[in-house]
Amino acid sequence: MVKNVEVFTSPSCPHCPAAKEVVELAKEKLGDAIDVTYYNTMDPEGREKAVGYGVMYVPAIAIDGVIDFVGAPSLPELLSKLE
């Protein structure tokens, strides 16, 4: 079953690039087992999605509709949630 991963970021966030990088590494490892969507919380769509999840801080990562990480996880932490 494909896991849906949603990543919430902001252009001014110093920690968001690390979150994006770890998600990309997970995508390289897991391939089609995960579907990744990125949301910029400065854009209306991203802000609406973030509000719906109750995201107060970025980066935030939701897996299958549940916020699992606030901040950038390590690759092993992320993979353990995805596998």
Side-chain angles (χ1 to χ4, degrees):
M1 182 166 89
V2 175
K3 297 269 187 178
N4 183 33
V5 179
E6 296 169 290
V7 184
F8 296 89
T9 63
S10 170
S12 61
C13 169
H15 305 289
C16 289
K20 287 181 178 180
E21 182 178 340
V22 76
V23 169
E24 286 302 311
L25 290 171
K27 178 69 176 165
E28 286 176 17
K29 182 168 176 51
L30 300 175
D32 291 339
I34 64 172
D35 181 38
V36 180
T37 306
Y38 293 97
Y39 292 101
N40 177 347
T41 58
M42 294 289 123
D43 293 337
E45 178 188 12
R47 185 170 28 255
E48 184 178 318
K49 268 290 217 190
V51 168
Y53 277 112
V55 171
M56 300 295 288
Y57 303 100
V58 291
I61 300 172
I63 300 171
D64 289 338
V66 176
I67 297 292
D68 281 302
F69 298 100
V70 176
S74 69
L75 183 58
E77 288 173 321
L78 181 58
L79 289 174
S80 73
K81 285 281 189 176
L82 294 170
E83 294 178 327

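None of the values given here were measured: they were computed from a predicted structure.
- In this structure, K27 NZ and L78 CG are separated by 12.5 Å, a value rounded to the nearest 0.5 Å.
- Linking ILVMFWY side-chain heavy atoms closer than 4.5 Å, directly or via other members, places I63 and V2 in two distinct hydrophobic clusters.
- Minimum heavy-atom separation, C13 to P17: O-CD, 3.5 Å.
- Linking Ile, Leu, Val, Met, Phe, Trp and Tyr whenever their side-chain heavy atoms come within less than 4.5 Å leaves I61 and V70 in two separate clusters.
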Determine all donor-acceptor pairs shorter than 3.5 Å in which one atom belongs to a side chain in residues 29-46; sequence neighbours excluded.
unit_1, atom_1, unit_2, atom_2, d
Y38, OH, E24, OE2, 2.4
N40, OD1, M42, N, 2.8
T41, OG1, T9, O, 3.2

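- For E77, the side chain to side chain donor-acceptor pair (under 3.5 Å) partners at least two apart in sequence or on another chain are S74.
- Atom NZ of K81 and atom CG of D68 lie 4.5 Å apart (nearest 0.5 Å).
- Listed by chain and number, the residues in a side chain to side chain donor-acceptor pair (under 3.5 Å) with K20 amount to none (sequence neighbours excluded).
- Contacts classified as salt bridge (charged side-chain N to carboxylate O under 4.0 Å, His left out) and involving residues 56-65 (residues at least two apart or in different chains) are given here: K3-D64.
- Hydrophobic side-chain contacts under 4.5 Å tie V51 to no other Ile, Leu, Val, Met, Phe, Trp or Tyr residue.
- Between A19 and P59, the shortest heavy-atom distance links the atoms CB-CB, 3.5 Å.
- Applying the salt bridge (charged side-chain N to carboxylate O under 4.0 Å, His left out) test to residues at least two apart or on different chains, the pairs with a partner in residues 49-58 are E6-K49.
- Heavy atoms of other residues, nucleotides or ligands lying less than 6.0 angstrom from CD of E48 number 12 at most.
- With rounding to the nearest 0.5 Å, the separation of CG in L75 from CD in E28 is 9.5 Å.
- For residues 53-82, the set of pairs meeting the ring-ring contact (aromatic ring centres under 6.0 Å, His included) definition, not counting sequence neighbours, comprises F8-Y53.
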